[in-house]
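The structure appears right after this line, and notes come after that.
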Number of protein chains: 2
Amino acid sequence: MPRDTLTREQIVKAAIDLLDDEGLEGLNMRALGKRLGSAATAVYWHVGSKDNLITLAGDEVWHQIALPDLATMDWRTAATQMATDLHAMLTRHSWLVQAFGSYMIFGPGKARHDDHGYAVYEAAGFTGAQADQAAATVFTFVLGNALVPAAAASFTKKLGRDGGNAEALMHESMAKAHEIAAQFPRLRARLDTAATDYAATPDNTFQFGLQAILDGLEAQLGAHSTPSDLASPSAAGGDASAEHARIGDV
Amino acid sequence: MPRDTLTREQIVKAAIDLLDDEGLEGLNMRALGKRLGSAATAVYWHVGSKDNLITLAGDEVWHQIALPDLATMDWRTAATQMATDLHAMLTRHSWLVQAFGSYMIFGPGKARHDDHGYAVYEAAGFTGAQADQAAATVFTFVLGNALVPAAAASFTKKLGRDGGNAEALMHESMAKAHEIAAQFPRLRARLDTAATDYAATPDNTFQFGLQAILDGLEAQLGAHSTPSDLASPSAAGGDASAEHARIGDV
DNA sequence: CGTCCTACTTGAACGCAGTGCAAGTCGCTG
DNA sequence: CAGCGACTTGCACTGCGTTCAAGTAGGACG
């Protein structure tokens, strides 16, 4: 084997770096080749296609999120930690959320994460399909929460790529948004309090939503009628005298 | 004016149709021109750019969702209806979810929807930032819930475009996913019960998650009084700053 | 030491997609 | 009828994903 050979891992790592820097639309094979110090087409021998490379990169980053030890903490803490870690990871790699909408991202990395996710909700006392749905609910919320910031990041990067007057264009588009919002009473009110910034969905919203969801899930578990939330003593309802929670049918 | 002139509305409508048929990556100006019976470049006079066209189309569809009358139903019914309508709309136009990750979609259509969304949660009793967060939580969940199905649809359409052996490729990629999943105990168990179909996240999950979230929100209403927020001692994604959102654009 | 095989790299080139441009075309208005 | 302005069109440029035939290099084997 030649000494200075590219490796799949090296390529995937470089792709992740490039994606972090330039966003999903900023990734192209020639730029990647340059970053690797090789011809663009050399990459094809190792990864086959750009789609496949993105799939690879999109799975790799899941390894960055830690899997909490369920033996040393109650499920709610574990769930919060996993969701928060995922949130942070998606913020770091905002291109992943976009990729999630266009590619089937599933590999060892995500599988490892999903598996542990199920473990958390099974430890909570959910059984069978309920554990799946609980996990999916939280997962889905975290994903959706990352979508708008991802769009903002993508937009910003595109402006930066298109020309020098990025500031001006950004300002213009914000101004137009304000103008539209001003025509609706509640949106207008939010404009005044300056709470509505398209680019920055506050982290508070994430924590608020996450805890609300976990509250809702917890309620399904034991019907432990203490709405005073917070307290999450080790639920571990033994074997889930799982009340058949009522689910809205279609 | 010449008699057979294109109009912006006509173009946007054709674009939506094409997007529904072919997906986000299937939309290109020449195909759109053909569908309109005109040259591809004629479109540019009316909409400026493809990005702008997508922004226009992506806002237009929001008008399809109904705004429940808050005077004749309780907030939870209204919230459920709005979320369900949104869910249905996103399923109809799965490209929109992808577009949401790459473009800043905000116009009169979405503004109208958002405004009413806030109205619902204010009617519920949430005040100020809490109403925003409640609305964002549900909205975000619905969006995230549509993401994976959108990816599946996109993937299928791409396969259909690439060549005739779509079935084979689809089968192969599912087989690979199964193989990976089989290495993780909980995923493997789900494989056996045949509950895991990547392309079809059951609608049950949506209803389950939505009701759980509304449960959680409802609980916050009753147990008011503590703005000291959230349990979760750990986590702390970083700045747990005040409710004053920072505005910084990038 | 030479030779071959395999693993890998490269540059040229093809096709498609977004889009700017200059030259139309058509109908209305003066 | 001349001309203007609203629209349309074909051409062509660029950038990107990808293919392909032609390399190159290092180890294995004789």
Side-chain angles (χ1 to χ4, degrees), chain A residues 1-12 14-15 18-19 21-58 95 98-99 102-103 154-155 157-163 165 169, chain B residues 1-12 14-15 18-19 21-58 95 98-99 102-103 154-155 157-163 165 169:
Chain A
M1 296 84 179
R3 262 220 345 187
D4 254 17
T5 308
L6 293 176
T7 66
R8 203 190 177 94
E9 289 74 34
Q10 188 188 150
I11 290 174
V12 170
L18 211 162
L19 285 164
D21 289 351
E22 309 287 351
L24 189 57
E25 333 207 335
L27 172 69
N28 67 72
M29 302 307 266
R30 302 188 220 254
L32 180 61
K34 193 170 293 180
R35 189 173 279 233
L36 286 163
S38 69
T41 51
V43 174
Y44 281 86
W45 196 91
H46 297 273
V47 301
S49 70
K50 184 186 180 183
D51 280 10
N52 194 45
L53 173 58
I54 291 179
T55 299
L56 255 23
W95 49 272
Q98 302 174 58
S102 302
Y103 304 88
S154 176
F155 185 67
K157 276 164 185 155
K158 175 178 299 186
L159 287 187
R161 235 175 290 123
D162 276 0
N165 49 356
L169 287 180
Chain B
M1 298 87 168
R3 265 225 338 188
D4 254 17
T5 307
L6 293 175
T7 65
R8 204 190 176 92
E9 289 75 31
Q10 188 187 151
I11 291 174
V12 170
L18 212 164
L19 284 164
D21 288 351
E22 309 288 351
L24 190 57
E25 333 206 338
L27 171 69
N28 67 72
M29 302 308 268
R30 304 188 217 253
L32 180 60
K34 193 169 293 178
R35 189 173 278 233
L36 286 163
S38 69
T41 50
V43 175
Y44 281 87
W45 196 91
H46 297 275
V47 301
S49 70
K50 184 186 181 184
D51 280 10
N52 193 45
L53 174 58
I54 291 180
T55 300
L56 255 25
W95 50 271
Q98 302 173 58
S102 302
Y103 304 89
S154 175
F155 185 68
K157 276 164 184 156
K158 175 178 298 187
L159 286 188
R161 238 174 288 124
D162 275 359
N165 49 356
L169 288 181

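Below, read A as the first sequence line, B as the second, and so on, with proteins coming before strands; counting in each chain starts at 1.
- What separates CD of A:Glu22 from P of D:dC16 is a distance of 11 Å, to the nearest Å.
- Residues B:Glu25 and B:Arg161 are in side-chain contact: their nearest non-hydrogen atoms beyond the backbone lie under 4.5 Å apart.
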Walk me through whether A:Asp21 and A:Arg35 qualify under salt bridge (charged side-chain N to carboxylate O under 4.0 Å, His left out). CA-CA 12 Å; A:Asp21 289 351; A:Arg35 189 173 279 233; 3.0 Å; yes
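- Protein atom NZ of B:Lys158 is 15 Å distant from nucleotide atom C1' of C:dA17, rounded to whole Å.
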Which atoms of nucleotides 18-22 of chain C (N or O only) lie under 3.5 Å from a protein N or O atom, and what are those distances?
{"unit_1": "C:dG18", "atom_1": "OP1", "unit_2": "B:Lys50", "atom_2": "NZ", "d": "2.5"}
{"unit_1": "C:dG18", "atom_1": "OP2", "unit_2": "B:Met29", "atom_2": "N", "d": "2.9"}
{"unit_1": "C:dG18", "atom_1": "N7", "unit_2": "B:Arg30", "atom_2": "NH2", "d": "2.5"}
{"unit_1": "C:dG18", "atom_1": "O6", "unit_2": "B:Arg30", "atom_2": "NH2", "d": "2.7"}
{"unit_1": "C:dT19", "atom_1": "OP2", "unit_2": "B:Tyr44", "atom_2": "OH", "d": "2.9"}
{"unit_1": "C:dT19", "atom_1": "OP2", "unit_2": "B:Lys50", "atom_2": "N", "d": "2.9"}
{"unit_1": "C:dT19", "atom_1": "O4", "unit_2": "B:Arg30", "atom_2": "NH1", "d": "3.3"}

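- Note on B:His46: a side-chain N or O is less than 4.0 Å away from OP1 or OP2 of D:dT8.
- When the C1' atom of D:dT18 is taken as reference, atom CD1 of A:Ile54 falls 14 Å away, rounded to whole Å.
- Atom pair A:Leu32:CG and D:dG15:P shows a separation of 18 Å (rounding to whole Å applied).
- Nearest to the side chain of B:Trp45, among D:dC7, C:dA7, C:dT10, sits D:dC7.
- Atom C1' of nucleotide C:dC8 and atom CD1 of A:Ile11 are separated by 11 Å, given to the nearest angstrom.
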Taking only distance into account, with no hydrogens and no angle test, what donor-acceptor pairs under 3.5 Å do side-chain atoms of residues 47-54 of chain B form with protein atoms, sequence neighbours excluded?
{"unit_1": "B:Ser49", "atom_1": "OG", "unit_2": "B:Asn52", "atom_2": "N", "d": "3.1"}
{"unit_1": "B:Lys50", "atom_1": "NZ", "unit_2": "B:Leu27", "atom_2": "O", "d": "3.0"}
{"unit_1": "B:Asp51", "atom_1": "OD2", "unit_2": "A:Lys158", "atom_2": "NZ", "d": "2.9"}
{"unit_1": "B:Asn52", "atom_1": "ND2", "unit_2": "B:Val47", "atom_2": "O", "d": "2.8"}

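- Under the 4.5 Å side-chain criterion, counting only non-hydrogen atoms from C-beta, B:Leu24 is not in contact with B:Ser154.
- If you take CD of B:Gln10 and C1' of D:dC7, they are 13 Å apart, rounded to a whole angstrom.
- B:Thr7 is not listed as a side-chain neighbour of B:His46, based on a closest heavy-atom distance of 4.5 Å or more.
- B:Tyr44 has its side chain within reach of B:Met29: a pair of non-hydrogen atoms, C-beta onward, lies under 4.5 Å apart.
- Separating the CD atom of B:Glu25 from the P atom of D:dC16 is a distance of 17 Å, rounded to the nearest angstrom.
- By the salt bridge (charged side-chain N to carboxylate O under 4.0 Å, His left out) test, A:Arg30 is found to be paired with no residue, residues two or more places apart in sequence or in another chain being considered.
- B:Ala39 comes within 4.0 angstrom of the backbone, heavy atoms only, and of no base.
- For A:Arg161 and D:dT14, the CZ to C1' distance is 16 Å, given to the nearest whole Å.
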